[in-house]
Amino acid sequence: LFFAHAENILSERRRVEDALRESEERYRSLFENMRDGFAYCKMLFDEQERPVDFVYLDVNAAFGRLTGLKNVVGKQVTEVIPGIKESSPELFDIYGRVALTGKSERFEIYFKPLALWLSISVYSMEKGYFVAVFDNITERKKAEQGLAKHVDELERYMKATVQREFRIKELRDKVKG
């Protein structure tokens, strides 16, 4: 009886371990094959709980493809991208706020150090840590800027046309009058 019970326990344990392994493989596959960049980081704070740096704990393949950054795991962002704190202080503010409060945020930013527009969703599952999921939206932003330029040109053309039409009407009225 004891051996049958022990066999059942071992069998159940193997089943649970297999299910866990399958779940981990699915997660890893999703993580590595997603199109968006993913970075899991630990935020570093000073004694007043102001964000001063963060450490990359894990990133996916898309992270490197979208940013061009390689071998960042275990490194501080100020080491990977010198001058980032000065050029992108709002990034530290947002990541620090999310890591402290746990309140998710979504934003777009022109990331000066890499000359990229990024759309970023950031959330925290544990105080002091955050996850950033992002996409490079530089091409979309360029298209929007090009469209805005054309809209401005059309508005100027329309304004000039209206002014010209008004002047023509004015001159016709003078000739008739």
Side-chain angles (χ1 to χ4, degrees), residues 30-41 43-46 48-56 58-70 72 75-125 127 129-177:
L30 169 68
F31 180 72
E32 286 304 325
N33 292 301
M34 64 191 282
R35 293 181 60 218
D36 291 336
F38 176 100
Y40 174 54
C41 305
M43 196 80 218
L44 304 177
F45 298 94
D46 65 13
Q48 283 83 39
E49 288 200 329
R50 289 183 301 231
V52 294
D53 211 338
F54 58 88
V55 177
Y56 291 105
D58 202 0
V59 299
N60 67 352
F63 176 93
R65 196 169 52 253
L66 293 169
T67 65
L69 300 173
K70 306 286 183 217
V72 301
K75 296 180 182 171
Q76 293 182 5
V77 72
T78 53
E79 174 187 350
V80 175
I81 308 171
I84 185 176
K85 197 157 187 324
E86 295 74 27
S87 65
S88 300
E90 65 278 21
L91 208 56
F92 284 78
D93 294 339
I94 295 167
Y95 288 169
R97 186 169 52 245
V98 171
L100 283 176
T101 67
K103 187 172 184 255
S104 301
E105 295 193 30
R106 182 175 181 83
F107 60 98
E108 292 181 354
I109 185 173
Y110 181 70
F111 192 57
K112 297 172 201 93
L114 301 179
L116 299 173
W117 274 98
L118 300 173
S119 173
I120 304 174
S121 293
V122 60
Y123 64 94
S124 176
M125 297 182 299
K127 187 173 183 173
Y129 296 81
F130 68 90
V131 172
V133 179
F134 64 92
D135 192 20
N136 180 340
I137 58 167
T138 304
E139 291 306 313
R140 187 192 90 199
K141 285 293 193 177
K142 284 180 182 176
E144 287 174 358
Q145 290 168 348
L147 184 59
K149 181 181 173 191
H150 290 304
V151 167
D152 287 346
E153 289 171 5
L154 285 172
E155 286 175 351
R156 282 195 306 275
Y157 177 75
M158 194 167 70
K159 186 176 179 182
T161 302
V162 168
Q163 288 173 341
R164 191 175 317 117
E165 291 294 321
F166 181 73
R167 181 70 178 136
I168 289 170
K169 183 185 178 320
E170 213 175 55
L171 291 172
R172 279 188 186 147
D173 290 347
K174 245 185 194 179
V175 169
K176 285 181 185 176

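The chain is numbered in sequence order, starting from 1.
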Can you find a pair of side-chain heavy atoms, one from [X] and one from [Y], that are under 4.5 Å apart?
X    : Y    : result
V52  : K85  : yes
V122 : F107 : yes
L100 : K127 : yes
S119 : R106 : yes
L69  : V59  : no
I109 : F134 : no
I81  : F111 : yes

Look up atom [atom1] in [X] and atom [atom2] in [Y], then write down how far apart they are to the nearest 0.5 Å.
X    : Y    : atom1 : atom2 : value
I120 : I137 : CD1   : CD1   : 9.0 Å
N136 : R35  : CG    : CZ    : 11.0 Å
E170 : E165 : CD    : CD    : 12.5 Å
M43  : F130 : CE    : CZ    : 5.5 Å
T67  : L114 : OG1   : CG    : 6.5 Å
Y56  : Y40  : OH    : OH    : 15.0 Å

Of all the heavy-atom pairs spanning [X] and [Y], show the shortest one and how long it is.
X    : Y    : value
E105 : V98  : CG-CG2, 3.8 Å
Y129 : S124 : O-OG, 2.6 Å
S87  : P89  : C-CD, 3.5 Å

Query raised in the report: Do side-chain atoms of N60 reach the backbone of F38 as a donor and acceptor pair under 3.5 angstrom?
Result: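 Yes, because the side chain of N60 sits within donor-acceptor range (under 3.5 Å) of the backbone of F38.
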Query raised in the report: Looking only at atom types and distance, does a side-chain atom of D36 sit under 3.5 Å from a main-chain N or O of V133, one as donor and one as acceptor?
Result: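 Between the backbone of V133 and the side chain of D36 there is no qualifying donor-acceptor contact (under 3.5 Å).
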Query raised in the report: Is a salt bridge present between D93 and R97, judged by a nitrogen-to-oxygen distance below 4.0 Å?
Result: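 No, no charged N to carboxylate O under 4.0 Å.
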Query raised in the report: Which class fits the ring pair F92 and F54: parallel under 30°, tilted 30 to 60°, perpendicular over 60°?
Result: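 Plane angle between 30° and 60°, so tilted.
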Query raised in the report: Taking everything shown except K70 itself, do over 12 heavy atoms lie less than 6.0 Å from its NZ?
Result: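 Atom NZ in K70 is packed in, count exceeds 12.
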Query - E49, CD: over 12 other non-hydrogen atoms inside 6.0 angstrom - result: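 Atom CD in E49 is not packed in, count stays at 12 or less.
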